[in-house]
Amino acid sequence: QVQLVESGGGLVQAGGSLSVSCAASGGTFSMYAMGWFRQAPGNERELVVCISRSGGYTYFGNSVKGRFTISRDNSKNTVYLQMNSLKPEDTAVYLCAAVLTISSTTCYPQASQYRYWGQGTQVTVSS
């Protein structure tokens with residue numbers, strides 16, 4: 001069983017930057033594809049970005065392309081999300097997710113494809 005704990009987040013002004021991270025424990029981190037999702041009140045959970053086991057493949061949600069980046073450090077069991085040029089519409093709870101996968105060259109865009117979830121961290125962007 002994998003446990004995921006997000007950290008970072010907080011309040012930032014529009015146009016600013018913020019970084020969040022997700023630390024994993026309880027499993028072999030390099031065997032898991034990872035994803036960042038977000039959910040705002042009244043909205044469905046949506047993909048921000050996902051990353052393959054090796055880190056060589058990423059897939060971004062349309063609304064964050066060109067502004068957000070993802071990386072992972074398998075030696076530290078951690079995945080990172082760097083958010084730049086933040087907009088008020090980026091305000092949401094950001095959740096980290098993991099799924100055990102054989103493939104080292106893909107990740108998954110749907111929330112239903114992930115088995116393990118963190119509790120989430122709030123990101124608020126003020127206008």
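Start at 1 with the first residue, then count along the sequence. Quick note: numbers below take in every heavy atom, side chains included, and nothing from hydrogens, waters or symmetry partners.
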Measure the spacing between [atom1] of [X] and [atom2] of [Y] and express it to the nearest 0.5 Å.
X   : Y    : atom1 : atom2 : value
E89 : S127 : CD    : OG    : 10.0 Å
C22 : Q119 : SG    : CD    : 11.5 Å
E46 : L95  : CD    : CG    : 11.5 Å
C50 : Q110 : SG    : CD    : 10.0 Å
S17 : L86  : OG    : CG    : 6.5 Å
Q1  : Y116 : CD    : OH    : 5.5 Å

Measure centre to centre between the rings of Y114 and F37, then say whether the value is under 6.0 Å.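 Yes, close enough.
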Would you check if [X] and [Y] make a side-chain contact, meaning some heavy-atom pair closer than 4.5 Å?
X    : Y    : value
S126 : L11  : yes
R53  : F29  : no
D90  : R67  : yes
M34  : C96  : yes
F68  : W36  : no
T101 : Y32  : no
M83  : V20  : yes
L4   : W117 : no

So, the side chain of [X] versus the backbone of [Y]: is there a donor-acceptor pair under 3.5 Å, distance only?
X    : Y    : value
N43  : A40  : no
R115 : A97  : no
T28  : S30  : no
S52  : T105 : no
T121 : G8   : yes
E6   : G120 : yes
Q82  : S19  : no
N84  : L18  : no

Can you hop from [X] to [Y] via hydrophobic side chains spaced under 4.5 Å?
X    : Y   : answer
V123 : V49 : yes
V93  : V12 : no
V79  : L47 : no

Y57 vs I51, side-chain contact (heavy atoms from CB on, under 4.5 Å): CA-CA, chis, key distance, verdict: CA-CA 6 Å; Y57 175 84; I51 189 168; over 6 Å; no
So, [X] and [Y]: side-chain donor and acceptor under 3.5 Å apart, yes or no?
X    : Y    : result
S63  : R38  : yes
S54  : S104 : no
T124 : Q122 : yes
Y59  : T106 : no
D73  : T78  : no

Closest heavy-atom pair and its distance - C107, P109: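 Reported closest heavy-atom pair: O-CD, 4.1 Å.
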